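The structure under discussion appears below in the form of structure tokens.
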Amino acid sequence: MSVLRGKKVLLGITGGIAAYKAPLIARLLIREGAQVQVVMTPSAKEFVTPLTLSTLTDRPVLSSFTDEEDENAVWNNHVALGIWADFMLIAPATANTLSKMASATSDNLLLATYLSAKCPVYFAPAMDLDMYKHPATLKTIQQLESFGNVNIPAASGFLASGLHGEGRMQEPEYIVQFIKEDLSKNLPLRSKKFLISAGPTYESIDPVRFIGNHASGKMGFALANQAAMMGAEVILVTGPTHEKTEQPNIEVVPVISAKEMYTSCMERFNDVEVAIMSAAVSDYKPTDVAAQKIKKKTGNLTIQLSPTTDILAQMGVDKTHQFLVGFALETENELEHAFQKLKKKNLDAIVLNSLNDKGAGFGTPTNKITFIDATLKTKEFELKPKNEVALDIITEIIARL
Ligand code: CTP
């Protein structure tokens, strides 16, 4: 999943010839899953039409302090726009707009929005080579960088003036890639490796039957997606499930039995900083697996079961540097049982679900959890969709890394 997915972007367009490339920037951002609100300077409208941009972004384009279409003009709230956005991109950014940004001039909606924006601001300069090289422009860019704004330096190439040199706005693909890399750099779990187990395990009785459980894998997949969206590299060892993920930084390792899950997890445990075992691993497996399908006979059938190895408990024994998180699904004396599991398995935290809470636990799209850390500090959360629960869990883990 792209780091731009769900991001709210203010695309500021100023009056330079490179404005004709702005619709492509909007399209690329939208393709990555972002929402784009265009704010144009009045002169930008001479280079690219608001109709093109509003059609592409599916939002009205804003360019003046009031909405002129209506007789009772409505004020376009630049403060609200600045709060709404996750980041602002000004592309193309002319010398004129850059200098006004640096000197806090606020004579159009784009500049007022820039001055009220609390979010990160990127700007992609576009001008002729002598303007770009002028000490006044260089000083302006330095000043904007000192405010924390991010410059996407202009490229060298053929310019509208017919000259060749630096000052050409970077291509839309380059700009979008630049922002993606910059956003990834600041993700809280960048360069952290996670191992997550998910889903049920199936323990074979014979070639056609197994012992399994109702786990859907939803919680484990939500945790993996959330960790990956925050920059982690995730290994997701999952039992049989219908869940899927498209995140590029998740390696999915499908397994069937508790034994396979044990081997796949333990092989990778040493390489990770965080392990979250959310799988509903079968505690027992048939002692002998019949080579042929067991035929129906009269009377009862007894299947002897032997214990599987507890993956989480083994990790608790082996752990050196890892932050180890387990799950506890309980039906009575929930907190007490969770505390015991945390101590017994040598965990850094445990996530408690109670089957007494409606909408919590197995197979449901929601969950209600209590997060307990190694000091037995507990934090109870509301019933929420599993992707929000995953965010809560990952946030609690980050606070303790
Ligand atoms: N777990 C595991 N390997 C197993 C069994 C459990 O890794 N063979 C992990 C689960 O993924 C979960 C935690 O251990 O994170 C708790 O599992 P649970 O089955 O609830 O607890 P148990 O310790 O098996 O105790 P009980 O079944 O008696 O509640």
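These numbers come from a predicted model, not from an experiment. Atoms within each ligand, like the ligands themselves, are counted from 1 in listed order.
- Put simply, the side chain of M40 reaches to within 4.5 Å of the side chain of V48, judged on heavy atoms.
- For N346, the side chain to side chain contact (heavy atoms under 4.5 Å, CB included) partners are K319, not counting sequence neighbours.
- Annotation: D58, atom CG; neighbour count of heavy atoms from other residues, nucleotides and ligands within 6.0 Å does not exceed 12.
- The protein residues lying under 4.0 angstrom from ligand 1, judged by non-hydrogen atoms, are M277, A279, V281, D283, T308, T309, D310, I311, L312, G326, F327, L329, K341, K345.
- Judged as a side chain to side chain contact (heavy atoms under 4.5 Å, CB included), and not counting sequence neighbours, the contacts of T308 are A258, K285.
- Within the 4.5 Å cutoff, the side chain of S278 has heavy atoms near those of the L223 side chain.
- Evaluation of the salt bridge (charged side-chain N to carboxylate O under 4.0 Å, His left out) test over residues 293-316, restricted to residues two or more places apart or in two chains, returns D310-K345.
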